[in-house]
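Report on the following structure.
Sequence positions, counted from 1, serve as the residue numbers for this chain. Since the structure is predicted, the reported quantities are computational estimates derived from the model, not experimental observations.
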Amino acid sequence: MAASTLLSEEDLLCPQCSEIYCLPVLLKCGHNICKVCLQKFWEWRGCRECPVCRTVSAPGRPPINLALKIAADEYQVQRTSSNQEVCFFHNEKLKIFCHNDEEPICLVCQTSKQHKVHECCPVEEAAQQKKTEISAMLESLRKKLRIFNKTKEHCEETKNYIQTQAHQCEETIKEEFEKLHLFLREEENTRLKALKQEEEIKSRVMCEKLENIKDQIKALCSTISDTETALRAKDLPFLQDYKQTKKRVKCNIREPECIRDILIDSAKHLGLLKFGIWKKMANIVTYVPITLDPNTAQSNLKLSEELTQVQYSSKQLLPDNPERCTSRVCALGATGFTSGKHSWTIEVGRGKDWYIGVAQESIKRKSTVFLNPAEGFWVIGLCNGDSFWAQTSPRTKLTLKQKPETITVKLDYDKGKVVFLNAANLTTIYTFSDRFTEKIFPYFSPGLYEEGKTSNPLTICPLTIKVDVE
């Protein structure tokens with residue numbers, strides 16, 4: 001304690017960092033430096049110089065100045081435990097606030113060497129200023145806390161929805177595989193039944209053949225036995241029965257014939273078995289060139305299990321993930337394109353309102369946008385059941401002789417064209433010409449519907465599946 005009272009605050013300041021000593025070490029030249037400050041200085045200089053007088057220190061670790069360390073530690077303790085309103089060094093009231101050191105000081109401190117050139121002001125004025133400053137910082141922290149709490153809620157909702165999604169996908173996969181299993185079991189039973197029927201028919205034919213042969217063998221055995229008995233008889237009796245014996249021996253028994261194609265037709269049952277089943281499966285399997293992405297669908301849209309149909313429905317609780325479109329009632333395709341030619345056909349039916357086409361990946365999904373190429377949309381639509389529009393800027397009214405129920409969208413990415421055709425007669429409805437610079441996705445927006453009424457869905461038409469052999 002005596003050591004610390006003999007030292008002023010200036011004596012306890014490190015000449016390198018100007019803070020109260022933290023683990024001071026004593027150099028050969030007699031100067032004291034914080035151990036961490038000295039190590040950083042030496043690393044920066046690349047030599048073992050004293051930061052104060054540039055004297056080169058001896059090799060090895062400089063010793064810790066234990067007395068100075070104790071004095072600095074005691075000063076720190078006294079400084080924090082002493083009366084907060086009185087200066088520790090001068091026992092004067094703390095009426096001034098030093099902006100440079102960001103601490104209250106007394107009037108004597110203000111005139112001292114340490115604070116003489118510092119910016120200072122009265123404690124009351126500084127307190128008001130710093131409270132305003134801290135309040136602003138605190139409000140910023142509160143705002144961040146609200147954001148984090150909201151993000152936490154979204155994360156929890158998303159986590160629960162991921163589990164729901166996984167369960168729904170699992171159930172759908174099981175259902176689809178059960179349909180395939182059922183088809184395979186029925187096909188297996190049909191083929192086994194046909195094999196069994198062939199086996200029964202051919203076994204019955206062979207049984208009848210065997211019975212016939214057995215009867216002929218029995219007759220031949222009887223004739224042979226009777227003839228042998230006649231041959232053993234005396235001459236006169238033999239000759240007396242000669243005509244009858246001769247007649248029996250000359251009986252016309254044809255030799256047994258081989259039955260052709262009596263074996264199981266293994267080639268019919270086993271030949272190309274897998275290919276035959278696969279080809280037959282084409283009748284129960286559908287293929288569409290694109291599917292919908294449920295993670296982009298607005299919360300009022302309902303998608304079919306195989307993601308080939310979308311229609312307006314009651315609102316669902318869905319996470320507001322970055323991909324989801326919330327500003328418009330729409331959904332995007334699951335596959336985007338960056339080159340090549342692509343086409344798909346959509347059944348729009350007799351809906352009163354719908355929009356179809358393509359949209360670029362960077363469209364604004366959370367804020368209101370106009371459906372036009374400048375905003376990244378190349379779409380056409382039907383409004384109020386009677387007017388067709390190409391969503392240009394300004395939009396273009398389309399005059400159609402026939403109201404289409406199925407529309408083919410043809411995208412030529414490299415040439416920058418989107419063509420809409422009436423699938424019934426292949427007449428062109430409208431063509432967009434532009435230049436694409438990013439990934440393009442199919443765009444679907446079914447019409448709204450009034451409560452209690454069924455909405456008209458947009459359906460991606462399946463393609464014809466052909467199993468060909470080259």
Side-chain angles (χ1 to χ4, degrees), residues 146-179 286 288 290-336 344 346-371 375-377 379 381-383 385 441-462:
R146 288 194 295 271
I147 292 172
F148 273 99
N149 283 330
K150 191 173 182 180
T151 304
K152 175 175 169 286
E153 291 178 8
H154 287 166
C155 288
E156 290 175 347
E157 291 174 359
T158 302
K159 186 192 77 169
N160 294 333
Y161 184 71
I162 288 171
Q163 295 172 347
T164 302
Q165 260 191 320
H167 177 71
Q168 290 173 346
C169 289
E170 180 182 352
E171 291 300 314
T172 302
I173 290 171
K174 287 181 178 179
E175 288 175 7
E176 292 304 315
F177 268 93
E178 183 55 36
K179 291 176 185 177
T286 58
V288 292
I290 59 170
T291 55
L292 298 160
D293 184 359
N295 294 336
T296 66
Q298 194 265 354
S299 57
N300 281 98
L301 294 182
K302 179 182 178 182
L303 276 60
S304 63
E305 284 188 350
E306 291 195 341
L307 308 178
T308 59
Q309 186 181 87
V310 57
Q311 66 185 124
Y312 191 84
S313 181
S314 55
K315 191 168 185 178
Q316 307 168 75
L317 292 175
L318 301 176
D320 188 17
N321 49 298
E323 303 83 9
R324 193 171 307 283
C325 299
T326 58
S327 61
R328 284 190 171 271
V329 183
C330 66
L332 301 182
T335 304
W344 56 94
I346 305 165
E347 182 181 344
V348 296
R350 299 182 180 180
K352 293 184 177 181
D353 295 276
W354 48 259
Y355 291 98
I356 59 173
V358 298
Q360 64 187 18
E361 187 174 22
S362 63
I363 58 171
K364 295 178 181 178
R365 308 189 185 200
K366 310 298 181 183
S367 57
T368 304
V369 292
F370 293 101
L371 291 180
E375 299 284 355
F377 298 88
V379 301
L382 173 66
C383 298
F441 288 85
Y443 179 88
F444 302 83
S445 179
L448 307 181
Y449 77 105
E450 297 176 6
E451 198 66 34
K453 293 184 179 180
T454 305
S455 67
N456 189 75
L458 295 178
T459 305
I460 303 168
C461 299

Inset, instruction - Check whether any side-chain heavy atom of Val369 sits under 4.5 Å from a side-chain heavy atom of Ile363, and report yes or no. - result: no
Inset, instruction - Name all pairs fulfilling the ring pair (Phe, Tyr, Trp, His ring centres under 6.0 Å) condition that reach into residues 290-310, sequence neighbours left out, sorted by first residue then second. - result: none
Legend entry - Donor-acceptor contact below 3.5 Å, side chain Arg328 vs main chain Thr368: no
Legend entry - Nearest heavy atoms of Phe441 and Gly333, plus distance in Å: CD2-O, 3.3 Å
Legend entry - Audit row: Ile356, Val379, side chain to side chain contact (heavy atoms under 4.5 Å, CB included) steps and yes/no: CA-CA 5 Å; Ile356 59 173; Val379 301; over 6 Å; no
Legend entry - Side chain proximity check, Lys179 to Glu176, heavy atoms < 4.5 angstrom: yes
Legend entry - Any side-chain donor near an acceptor of the partner, Asn300 and Gln316, under 3.5 Å: no
Inset, instruction - Answer yes if the side chains of Asn321 and Arg324 hold a donor-acceptor pair under 3.5 Å, and no otherwise. - result: yes
Legend entry - Atom pair CD (Glu375) and CD (Gln360), whose distance is rounded to the nearest 0.5 Å: 9.0 Å
Inset, instruction - Identify, with sequence neighbours excluded, every residue that meets side-chain hydrogen bond (donor to acceptor under 3.5 Å, both in side chains) alongside Glu178. - result: Arg185
Legend entry - Arg365 side-chain N/O to Glu323 backbone N/O, donor-acceptor pair under 3.5 Å: yes
Inset, instruction - Specify the closest pair of heavy atoms between Pro462 and Val288, including all atoms of both residues, with the distance to one decimal. - result: CA-CG1, 3.7 Å
Legend entry - Inter- and intrachain pairs under side chain to side chain donor-acceptor pair (under 3.5 Å), touching residues 151-161, at least two apart: Lys152-Glu156
Inset, instruction - Provide the closest heavy-atom pair for Cys383 versus Tyr355 in the form atom of the first, atom of the second, distance. - result: SG-OH, 3.3 Å
Legend entry - Pairs flagged by salt bridge (Lys or Arg N to Asp or Glu O under 4.0 Å) wherever residues 293-319 is involved - sequence neighbours left out: none
Inset, instruction - Using salt bridge (charged side-chain N to carboxylate O under 4.0 Å, His left out) as the criterion, list what pairs up with Lys352, not counting sequence neighbours. - result: none
Legend entry - CG-CD distance between Leu332 and Glu361, expressed to the nearest 0.5 angstrom: 9.5 Å
Inset, instruction - Give a yes or no on whether the ring-centroid distance for Phe377 and Tyr443 is below 6.0 angstrom. - result: yes
Inset, instruction - May I ask you to check whether over 12 heavy atoms, not counting those of Leu317, lie within 6.0 Å of atom CG? - result: no
Legend entry - Those residues that, when tested against Lys364, pass side-chain hydrogen bond (donor to acceptor under 3.5 Å, both in side chains) (two or more places apart): none
Inset, instruction - Test side chain to side chain contact (heavy atoms under 4.5 Å, CB included) on Leu382 and Asp353 and set out the steps. - result: CA-CA 5 Å; Leu382 173 66; Asp353 295 276; over 6 Å; no
Legend entry - Exam field: side chain Asn456 to backbone Val348, donor-acceptor pair closer than 3.5 Å: yes
Inset, instruction - Taking the side chain as every heavy atom from C-beta outward, state whether Leu292 and Leu301 have any pair of such atoms under 4.5 Å apart. - result: no
Legend entry - Spacing of Cys325 atom SG and Asn295 atom CG [to the nearest 0.5 Å]: 11.0 Å
Legend entry - Value rounded to 0.5 Å, distance of SG in Cys461 from CD1 in Ile346: 8.0 Å
Inset, instruction - Output the distance between atom SG (Cys330) and atom CG (Leu458), rounded to the nearest 0.5 Å. - result: 11.5 Å
Legend entry - Ser304 side chain vs Gln309 backbone, donor-acceptor pair below 3.5 Å: yes
Legend entry - Euclidean distance, Leu307 CG relative to Ile290 CD1, rounded to 0.5 Å: 11.5 Å
